[in-house]
Amino acid sequence: MSATPDLLYSDVEDDLRATVRDVLTDRCPASAVLARCESDEPYDLGLWRTLAAGSGLAGLLVPEKLGGAGASAREAAVVLEELGGAVAPVPFLGSAVLATTALLGCDPQDKRVARLLEDLASGASVGTLAVPLTYGPGVSFPQTVRADADGVLTGTVTSVADAAVADVLLIPATGPEGPGLYALASDTPGVRVAPAVPLDLTRPIADVTLDGARAHRLAGSGPAALEGALLAGAGLLASEQVGVAQWCLDETVRYLGERRQFGRVVGSFQALKHRLADVWLEVVSARAAARAAADALATGSPDAPVAVAVAQAYCSTAAVHAAEECVQLHAGIGMTWEHPAHLHLKRAKSSELALGTPGHHRTRLATLVDLPAAG
Amino acid sequence: MTTKTTATTGRGGLDAEEVRRRVRAFLAEHDPATTDRAAFLRARFDAGLAWVHFPEGLGGLGAPRALQSVVDAELTAAGAPDNDPRRIGIGLGMAAPTILRFGTEEQKARFLRPLWTGEEVWCQLFSEPGAGSDLAGLRTRAVRDGDAWTVDGQKVWTSNAHNARWAILIARTDPDVPKHRGITYFVCDMTAPGVEVRPLRQITGEAEFNEVFLTDVRIPDAHRLGDEGDGWRVAQTTLMNERVAIGGGAVPREGGMIGVAATTWRERPELRTPGLHDRLLRLWVDSEVARLTAERVRQQLAVGAPGPEGSGLKLAFARLNQAVSGLEVELLGEEGLRYHGWEMTRPETVDFFGHDAGYRYLRAKGNSIEGGTSEILRNIVAERVLGLPSEPRIDKDVAWKDLPR
Ligand SMILES: Cc1cc2nc3c(=O)[nH]c(=O)nc-3n(C[C@H](O)[C@H](O)[C@H](O)COP(=O)(O)OP(=O)(O)OC[C@H]3O[C@@H](n4cnc5c(N)ncnc54)[C@H](O)[C@@H]3O)c2cc1C
């Protein structure tokens, strides 16, 4: 195991959080998210432009010489906490995390890779990594897309997050040179992006069909670039889950402190206080786990795979529990469409599957920390 | 872009470098190989290297708490003896911070040095047969008699009373006011006439705790800690420290009970089953996360910003110790049916790792009771951290003597 991770927030990180929170408070109230999620534009691309270009979030993980902020996973994690709390319908995870880290895992000296990174960093284009959202670190390279020697792709990738708004798709495919990442614009002939009806209305998914679509194999790409992106994505998703869980806890505490039944505030009933104390403990624990994962990714620690698996196994469950308690303790109003609790429940539940289930991450730990299965 | 938040510079420009220099200078004068243990520890205290965040003259340097790890690392590397902190946990973790905060100059000078060196062991005379969770309901009486107090009553579950030289004690000095207001805090001499310690055998077979009878025990007023009637407030300092008391140094991965279970799992493939595997992995994750949560609290304390996370640590610790030790007994199969022996011993410390799985399982039951039950800790989290209202109470504004019994 490596050095003790820094589990706190730096002043710079606190400032970043305040900036993001200001924008979200202003532009992304629950009522707006709710109104948008059934409209023709489930993503708020106006908000994304403000965050991406205005606040520089799209290029957080991109080095300064490629037009990014040269920040680390620690800062991206703080942004995700805030985006999670607001269930903001913006393609940060797909574009600024998954696509960006996949490209950083290729050869960034290569002109095409560098240009793609520059465009993502400036917010000029939105990208995503075309793998099913359920894929987590440690899975074998996807086999659903074939490439020929000219980079012409055939196959399908289902349930891709943020694909519906992506200008650029990074597609893991196997060609004559073996497995690699192929980039293409989403309006290339032969590409079809079909949005699915998502359980999580604030993070839409789409099926991508490639029927002789011409792409470019990225220099230096291979299974390691994909694995690196899935590891970063999984580790950072834990921070988004912390944001979701914290919102659920805060809202429930607030509501139970006001709601009266039996002549008292229901938050004074011990049965409920104890349940909220348990949720609170899970949220503070999840925060420590998510910080550890972000720090391990930021410092390139050899312990990152373990830290990420621990954070995912823990934070997924904690967020689902917090969201389920949020609905139950709000009772009737929590069951309505009008109340935003369901947006968080849907985000929490689908994030539990995203980038590997808790069970997947525990199975990975069995190998990583040498606790082999029976038999 | 990332800036580290760990404070490393304190008053008078004391940074890690300066502290390291002082430790080395100290070691140059007191060779651990040739110096007697007690003499070494006393000298270490006098050099301000006992607990660096304490004031100068009281074993510290007035430095940030974070620098203690620098001292400990240097001394460990030099093969220096330590003060066996597990033996004197109540003194270090509870009595010392309370004395530091509320004690007179004389009290601090008298008590802190032998407390830290371990020459004087402390115990805690708080709980009573009728006052456990509802500690403020206690009935042990202290009556003023000139420049001393006469104390009568019974305390219970007193860990280590049989080894202790001193006790922190709370007693009722005014029964005519509501319960929280009529309590005073004392330091009690465990060798004084009228103090009788009787072992209480525990579910482990051993007697780690005791019942303590106090009959006409005289305590000089100079051993009162804080003002008369202010004992509840003083006791809060003790209890806070008891719950937040986290080990001085960081715990490594698998440092706790999970490490024992994991080692057994690795070394004994014949014991493995799929069901136990899943439970082990869940508990491994939970243990690692609890370790990180404690580490985060430690980092917050080191920069002087204790977060509310502290109140929850003990909840997680108790739950995990119980679940992991339960799993371990199951994992061992037939061996789990056996126990090392039920003879009544009188241990000096809680030794989780020097015993078998059955002992761990049984002793861990106390983790959710001692120092505030898990139910009480959940109340504390809900009310003080989350700000939820308390249950309706009937005992707040009534004189203690008029409370229903
Ligand atoms: C191993 C061990 C060592 C100890 N060492 C010491 C020591 O050195 N010095 C010392 O002073 N004490 C010591 N104690 C005592 C310990 O602090 C008390 O046992 C504890 O505070 C609980 O009090 P009680 O046993 O009277 O239980 P009670 O208070 O009678 O509780 C009974 C049950 O009711 C629950 N309960 C009580 N009030 C509430 C409430 N308001 N809401 C919900 N549930 C409630 C409790 O959680 C518990 O489950 C020790 C205990 C143990 C087990």
Side-chain angles (χ1 to χ4, degrees), chain A residues 1 4-13 69-72 74-75 249 253 256-257 264-265 267-270 272-278 280-281 284-289 291-292 295 298-299 303 306-307 309-311 313-315 358-359 361-363 365-366 369-375, chain B residues 1-6 250 252-254 262 265-266 269 271-278 280-282 284-286 288-300 302-303 305 307-309 311-313 315-316 319 374-375 377-383 385-392:
Chain A
M1 202 182 29
T4 308
D6 176 2
L7 301 174
L8 304 180
Y9 297 102
S10 69
D11 294 343
V12 174
E13 288 158 8
S72 76
R74 292 179 55 93
E75 290 82 3
L249 173 64
V253 168
L256 295 194
R264 349 180 344 197
V265 169
S268 67
F269 287 102
Q270 195 179 58
L272 306 192
K273 286 159 73 174
H274 282 194
R275 282 166 72 167
L276 286 175
D278 286 338
W280 171 84
L281 180 57
V284 299
S285 304
R287 187 179 298 282
R291 280 274 89 192
D295 193 73
T299 57
D303 194 47
V306 173
V310 166
Y314 193 88
C315 297
H361 291 286
R362 282 194 295 272
T363 304
L365 280 171
V369 304
D370 183 30
L371 293 170
Chain B
M1 192 157 160
T2 304
T3 49
K4 289 271 174 182
T5 14
T6 314
R253 183 174 287 165
E254 291 193 6
W265 185 270
R266 287 181 191 119
L271 299 175
R272 298 173 191 162
T273 71
L276 289 172
H277 190 228
D278 188 56
L280 177 68
L281 289 171
R282 284 170 194 269
W284 195 93
V285 168
D286 289 355
E288 173 64 3
V289 173
R291 183 185 77 83
L292 291 166
T293 310
E295 173 59 28
R296 184 153 197 273
V297 170
R298 219 177 56 83
Q299 292 181 6
Q300 287 172 325
V303 297
E309 279 88 344
S311 351
L313 289 179
L315 269 175
R319 189 186 73 78
S374 290
E375 289 74 25
L377 291 183
R378 284 190 180 89
N379 287 350
I380 290 176
V381 168
E383 290 171 21
V385 180
L386 300 178
L388 290 165
S390 58
E391 296 262 333

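Per chain, numbering begins at 1; letters A, B, ... match sequence-line order. All of these numbers come straight from a predicted model, not from anything done at the bench.
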*Considering residues at least two apart in sequence or located in another chain, which fulfil the side chain to side chain contact (heavy atoms under 4.5 Å, CB included) criterion with A:A286?*
A:V242, A:Y314, A:C315, A:A318

*Less than 4.0 Å between a side-chain N and a carboxylate O, is that true for B:E391 and A:R264?*
yes

*Is chain A contacted by the side chain of B:L386, its backbone, both, or neither, given a heavy-atom distance below 4.5 Å?*
both

_Pairing residues for A:A374 by the side chain to side chain contact (heavy atoms under 4.5 Å, CB included) criterion, not counting sequence neighbours_ = B:R272, B:P274

*Using a cut-off of under 4.5 Å on heavy-atom pairs, state which of A:G257, A:G359, A:A373 scores highest against chain B.*
A:A373

*Between B:P389, B:G387, B:A262, which shows the greatest number of heavy-atom pairs under 4.5 Å with chain A?*
B:P389

*Backbone of B:L271 reached by a side-chain donor or acceptor of B:W265 within 3.5 Å*: no

*asked:* Among A:L256, A:V306, A:T363, which residue has the highest count of heavy-atom pairs closer than 4.5 Å to chain B?
replied: A:V306

*Side chain from CB out, backbone as N, CA, C, O: work out which of these in B:R319 comes under 4.5 Å of a heavy atom of chain A, or both, or neither.*
neither

*Do A:E75 side-chain atoms and A:S72 backbone N/O form a donor-acceptor pair below 3.5 Å?*
yes

_At a 4.5 Å cut-off on heavy atoms, which part of A:A289 comes close to chain B: side chain, backbone, both, or neither?_
both

